[in-house]
*Asks:* 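Let me begin by handing over the structure; questions about it come next.
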Amino acid sequence: MTSTEAITESEDSGPSGYAAARLRLLQQEARSGPPRRAALARLTDDWLTGLFTSAAEHAGVRGAALVAVGGYGRGELSPRSDLDLLLLHDGTADAAALSALADGIWYPVWDLGLALDHSVRTPGEARKTAGEDLKVQLGLLDARPVAGDLGLVASLRTAILADWRNQAPKRLPALHELCQERAERMGELQFLLEPDLKEARGGLRDATALRAVAASWVADAPREGLTEARRVLLDARDALHLTTGRATERLALQEQDQVAEALGLMDADALLRQVYEAARTVSYATDVTWREVNRVLRARSVRPKLRAMLSGGLGSKAVPERAPLADGVVEADGEVVLARAARPDRDPVLTLRAAAAAAEAGLPLSRHLVRHLATTVRPLPVPWPPEAREELVTLLGAGEPTVGVWEALEAEGIITRLLPDWERVHCRPQRNPVHTWTVDRHLVETAVRASSLTRRVHRPDLLLVAALLHDIGKGWPGDHSVAGEVIARDMATRIGFDKHDVGVIATLVRHHLLLVDTATRRDLDDPATVRSVAEAVSTASTLELLHALTEADALATGPAAWSAWRAALVTDLVKRVAAVLAGEAPEEPEEAAPSAEHERLAIEALRTGEPALTLHTQPEEPAGEGEVEPVGVELLIALPDRPGVLPAAAGVLALHRLTVRAADLRAVELPNEVGESADLLLLSWRVAAEYGSLPQAARLRADLVRALDGSLDIRARLAEREAAYPRRRGVKAPPPRVTVAAAGSRRATVIEVRAQDAPGLLHRIGNALEGCAVRVRSAHVSTLGANAVDAFYVTGTDGEPLPQIRAAEVAREVEKALG
């Protein structure tokens, strides 16, 4: 059924008839994608034509036309798209008649609740406005007549296109700057968990900009896959509009499953992966196109000067246009291209050699070169020859330029042909908000970070390849480190490493989280902790590589994954493990004496029978070259030993909006006034203010006293504060998980808690542990984005580790309390 037939069937060509036909069209599940968008545009054309004809006849206006511009002009109407309309007239009608004509069109549109962007202009006014406003000019490039004087519209289109082409040297740089500014503001669509399908880099705006560049005749975008990429983004937007009932462009987390279902996809991850793939195609086409635009415009500006120089007899020597970079590749006009003598069909290493040379020179690969290599170069033998392996290592070690070169190879499918297992991580989203990148881009970014650490290790090649492969197991069932070890072993063998090196790479992938997890969640003074790491890494050289990989991985993850504090803990752990690997077995540490400050507080607590505390900022530590990072605030507490100290102290800190980063609790005995020994608890915590200034120590002490004597209901206060703030919409967090660490300690049982971070979480955990009648020896708190991973060293009341069955019961009780 055509759009016209739909209106006829409703027996009403007015607003109600259009609305009914529009609704029927949008509800036809079998009719979606480009056919539905085109049908919706035709349906809207027919309705507006009726409005225009009736209004023009009533107002007595001739020499006018209704013009669709922008997306509507392209015939791409999404369910909630606005109507972008221009009422074009030849200037012969008076103002009152034009106003009546416009009202006869605009008001019915508004009455239906449709968004409308409208203007009334003569062709001259339209050209003048376009010359002053780039966005108006871009919209008019897609001008399409809907009703009225077709010749008037054709004349305007011809003039607008001529203006655009004549003004290209000025307009295209302005458009490029506009695109870059928008990208900086909105981010890259292919990496965002909640991407804006229109405004983010690689989205629909960029696809439209590529059409505008093509219309200028200066350069044309790569067409392979671009039409399909636009279709994917438009289809996702259509489903988003129908799912939400709103004219939104942002693919919010809570709507992704519904949008995926509407598109017939398995789940939200499949949706994001498809969207990311489309955005990557648009982004790559954008990079290539603007590079070509700049090259053409630069050449145009140089030619007159060159002609003047030659005609003036200033020399006949031409500047060399092609500079050799490596065997078979040269630089030409700012890009890497094939040398004239290159034989791609006989040189299987040429692709990697060209990529390595481009990255080392900081130059882009010519699109034509990449396409030619993709279709003509023979596959590498397996295992790779040494030259191929060396070129891959060179590519990975080139730093930031590696990213652009790698993406160019990915755009033509070369990476997955070189490394077939790469397909599994290609454009794979990461739901953890700590991560900035998709899995594949994170792997490349880790290699980039590792390239700056190669001077710290004896085998830079193993570091760089392990960096590229460390998360290769993501996308497979189970622990990605375990799966990744198997895949990395196969890939390293394919790349041509010998058996020993393959084993090292596999070990690095298997244990790439070991150092940071152990350093932030385990007691480093416990010999069992250090021995377990030493057993896993086996050799000092592997430890050296793992240390560098840990830092590169964290830096490539995002700002929340690395800090001076984490770096210091990891370095401390590495030193201890290195000593064990050198044959210096760790001795059982003696109980450290309290610091002078803690001893002063302990004496005061013993004298008064109440908590004594101090709160002060610790010195700043270097976070990196040229940077400093505050370690946090040290909170020292001494008080008579009694039940409930951990939940009470944690609850008070939560009420004062202090986040606990590390916690240590231990009992000491001091003689009292009559010479008998008294038990005291010493707490040494590192905290940070969520925002604002630190609370006064006196207020903390007063609230702690009230919490311990029961006059301060912490649970109720925290609940009141949470209720005072509206809940943010979003995906439901996974349930908490509490386990007993297998490689624990000989001095205590390690209870590990993984949960959604929230104010008062440590208070709730402390309450649960108190309810289980266990003593907390120390706590190691780690927060990554919205996720908390906390480890508690606990003992029974006798000070000994818990029996296995008892430990499992405690873990279940804590998990139940948090659920």
Side-chain angles (χ1 to χ4, degrees), residues 284 287 324-331 335-339 342 344 347-367 369-374 377 379-422 425-426 437 439-455 457 459-472 488 491-492 494-497 501 505 508 545 548-549 552-553 556:
Y284 176 64
D287 289 340
L325 291 176
D327 185 19
V329 289
V330 298
E331 175 190 353
E335 292 183 329
V336 175
V337 301
L338 282 180
D347 188 354
V349 183
L350 181 57
T351 299
L352 285 171
R353 191 185 311 119
E360 281 204 302
L363 295 170
L365 289 169
S366 160
R367 170 177 164 254
L369 165 68
V370 179
R371 294 200 65 205
H372 188 57
L373 293 175
V377 172
L380 282 166
V382 178
W384 293 3
E387 183 193 355
R389 183 176 69 251
E390 290 163 8
E391 296 294 358
L392 174 66
V393 171
T394 301
L395 169 61
L396 297 177
E400 287 293 340
T402 299
V403 176
V405 173
W406 192 273
E407 289 184 343
L409 298 179
E410 273 207 277
E412 296 296 339
I414 291 176
I415 295 299
T416 51
R417 284 198 285 275
L418 289 170
L419 304 169
D421 289 294
W422 193 262
V425 297
H426 178 67
W437 311 106
V439 178
D440 56 341
R441 177 64 181 271
H442 168 68
L443 294 176
V444 178
E445 289 286 339
T446 304
V448 169
R449 295 288 188 169
S451 69
S452 65
L453 306 176
T454 53
R455 298 298 181 269
V457 298
R459 288 294 302 274
D461 56 336
L462 300 185
L463 171 62
L464 292 168
V465 173
L468 183 71
L469 302 181
H470 75 279
D471 274 348
I472 199 69
M491 293 179 74
R494 179 187 187 88
I495 293 169
F497 286 101
D501 291 348
I505 291 172
L508 293 174
L545 289 165
L549 176 60
D553 181 20

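Computed over heavy atoms, backbone and side chain alike; hydrogens, waters and symmetry mates excluded.
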*Asks:* Should D501 and V465 be marked as a side-chain contact (heavy atoms from CB on, under 4.5 Å) after you check the CA-CA gap, both sets of side-chain angles, and the distance that decides it?
*Replies:* CA-CA 11 Å; D501 291 348; V465 173; over 6 Å; no

*Asks:* List for me each residue that meets salt bridge (Lys or Arg N to Asp or Glu O under 4.0 Å) alongside E407, sequence neighbours excluded, and say none if there are none.
*Replies:*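 With sequence neighbours excluded, E407 shows a salt bridge (Lys or Arg N to Asp or Glu O under 4.0 Å) to R441, given in chain and number order.
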
*Asks:* Tell me, do L468 and W406 make a side-chain contact under 4.5 Å, heavy atoms counted?
*Replies:*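 Of all side-chain heavy-atom pairs linking W406 with L468, at least one is under 4.5 Å.
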
*Asks:* If I take atom CG from residue L549 and atom CG from residue L508, how far apart are they, to the nearest 0.5 angstrom?
*Replies:*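 Taking CG in L549 and CG in L508, the distance rounds to 6.0 Å.
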
*Asks:* Using side-chain heavy atoms (C-beta onward) and a distance below 4.5 Å, is M491 in contact with L419?
*Replies:*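 Contact flag for M491/L419 side chains = yes.
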
*Asks:* Closer than 4.0 angstrom, basic N to acidic O: yes or no for R494 and D421?
*Replies:*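 No, R494 and D421 are not salt-bridged.
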
*Asks:* Taking side chain as C-beta onward, heavy atoms only, is D440 less than 4.5 Å from E410?
*Replies:*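 Side chain of D440 against side chain of E410, heavy atoms only: contact under 4.5 Å found.
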
*Asks:* Report yes if the side chains of L396 and L392 come closer than 4.5 Å at any heavy-atom pair, otherwise no.
*Replies:*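 Counting from C-beta outward, L396 and L392 do come under 4.5 Å.
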
*Asks:* Hey, are the side chains of L462 and F497 touching, using non-hydrogen atoms and a 4.5 Å cut-off?
*Replies:*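 Heavy-atom side-chain distance check passes, below 4.5 Å.
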
*Asks:* How long is the span from the CD atom in E412 to the OG1 atom in T351, to the nearest 0.5 Å?
*Replies:*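 OG1 of T351 is found 11.5 Å from CD of E412.
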
*Asks:* Just to verify, what does A357 make a side-chain contact (heavy atoms from CB on, under 4.5 Å) with, not counting sequence neighbours?
*Replies:*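 side-chain contact (heavy atoms from CB on, under 4.5 Å) check on A357 returns L325, A326, V329.
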
*Asks:* Quick check for you: to the nearest 0.5 Å, what is the distance between T416 atom OG1 and W422 atom CH2?
*Replies:*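 T416 OG1 to W422 CH2: 10.5 Å, rounded to 0.5 Å.
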
*Asks:* Is any side-chain heavy atom of P364 closer than 4.5 Å to one of V336?
*Replies:*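 V336 vs P364: side chains apart.
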
*Asks:* To check you understand the geometry: which heavy-atom pair defines the closest contact between H442 and W437, and what is its length?
*Replies:*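 Of all heavy-atom pairs spanning H442 and W437, the closest is N-CB, 3.6 Å.
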
*Asks:* Could you tell me the separation between the CG atom of L545 and the OG1 atom of T454, rounded to the nearest 0.5 Å?
*Replies:*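 Nearest 0.5 Å value for the CG-OG1 distance: 11.5 Å.
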
*Asks:* Where is the tightest heavy-atom contact between A359 and A398, given as atom of each residue plus distance?
*Replies:*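 So the two residues come closest at CB-CB, 3.5 Å.
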
*Asks:* Find the distance between CG (L443) and NE2 (H426) and round it off to the nearest 0.5 Å.
*Replies:*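 Atom-to-atom, L443:CG and H426:NE2 are 13.0 Å apart.
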
*Asks:* Which atom names give the shortest non-hydrogen contact between V330 and A339, and what distance separates them?
*Replies:*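 Residues V330 and A339, closest heavy atoms: CG1-CB, 3.9 Å.
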
*Asks:* Restricting to side-chain contact (heavy atoms from CB on, under 4.5 Å), what partner residues turn up for P385, sequence neighbours left out?
*Replies:*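 By the side-chain contact (heavy atoms from CB on, under 4.5 Å) rule, P385 matches V349, L380, P381, A388.
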
*Asks:* Please report the closest heavy-atom contact between L369 and A354, naming both atoms and the distance.
*Replies:*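 Closest approach of L369 to A354: CD2-CB, 4.4 Å.
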
*Asks:* Considering non-hydrogen atoms only, spot the tightest contact between A552 and A450 and give its length.
*Replies:*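 Closest pair (atom of A552, atom of A450, distance): CB-N, 3.7 Å.
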
*Asks:* Compare all side-chain heavy atoms of L463 with those of R459 and state whether any distance is below 4.5 angstrom.
*Replies:*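 L463 vs R459: side chains apart.
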
*Asks:* List the atom of S366, the atom of V337, and the distance in Å for their closest heavy-atom pair.
*Replies:*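 Heavy-atom minimum between the residues: CB-CG1, 3.7 Å.
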
*Asks:* With a 4.5 Å heavy-atom cut-off, do P379 and R417 have their side chains touching?
*Replies:*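 Of all side-chain heavy-atom pairs linking R417 with P379, none is under 4.5 Å.
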
*Asks:* Apply side-chain contact (heavy atoms from CB on, under 4.5 Å) to the pair L338 and L350, showing each step before the final yes or no.
*Replies:* CA-CA 9 Å; L338 282 180; L350 181 57; 3.7 Å; yes

*Asks:* In Å and rounded to the nearest 0.5 Å, what is the CG to OG1 distance from L352 to T394?
*Replies:*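 Between atom CG of L352 and atom OG1 of T394 there are 10.0 Å.
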
*Asks:* Please step through side-chain contact (heavy atoms from CB on, under 4.5 Å) for the pair D471 and V425, ending with a clear verdict.
*Replies:* CA-CA 9 Å; D471 274 348; V425 297; over 6 Å; no

*Asks:* For the pair D347 and R353, find out whether any cationic side-chain nitrogen is under 4.0 Å from an anionic carboxylate oxygen.
*Replies:*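 Counted as a salt bridge, because a side-chain N and a carboxylate O are separated by less than 4.0 Å.
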
*Asks:* Evaluate the criterion side-chain contact (heavy atoms from CB on, under 4.5 Å) for residue pair D553 and H470; output intermediate values, then yes/no.
*Replies:* CA-CA 8 Å; D553 181 20; H470 75 279; 3.1 Å; yes

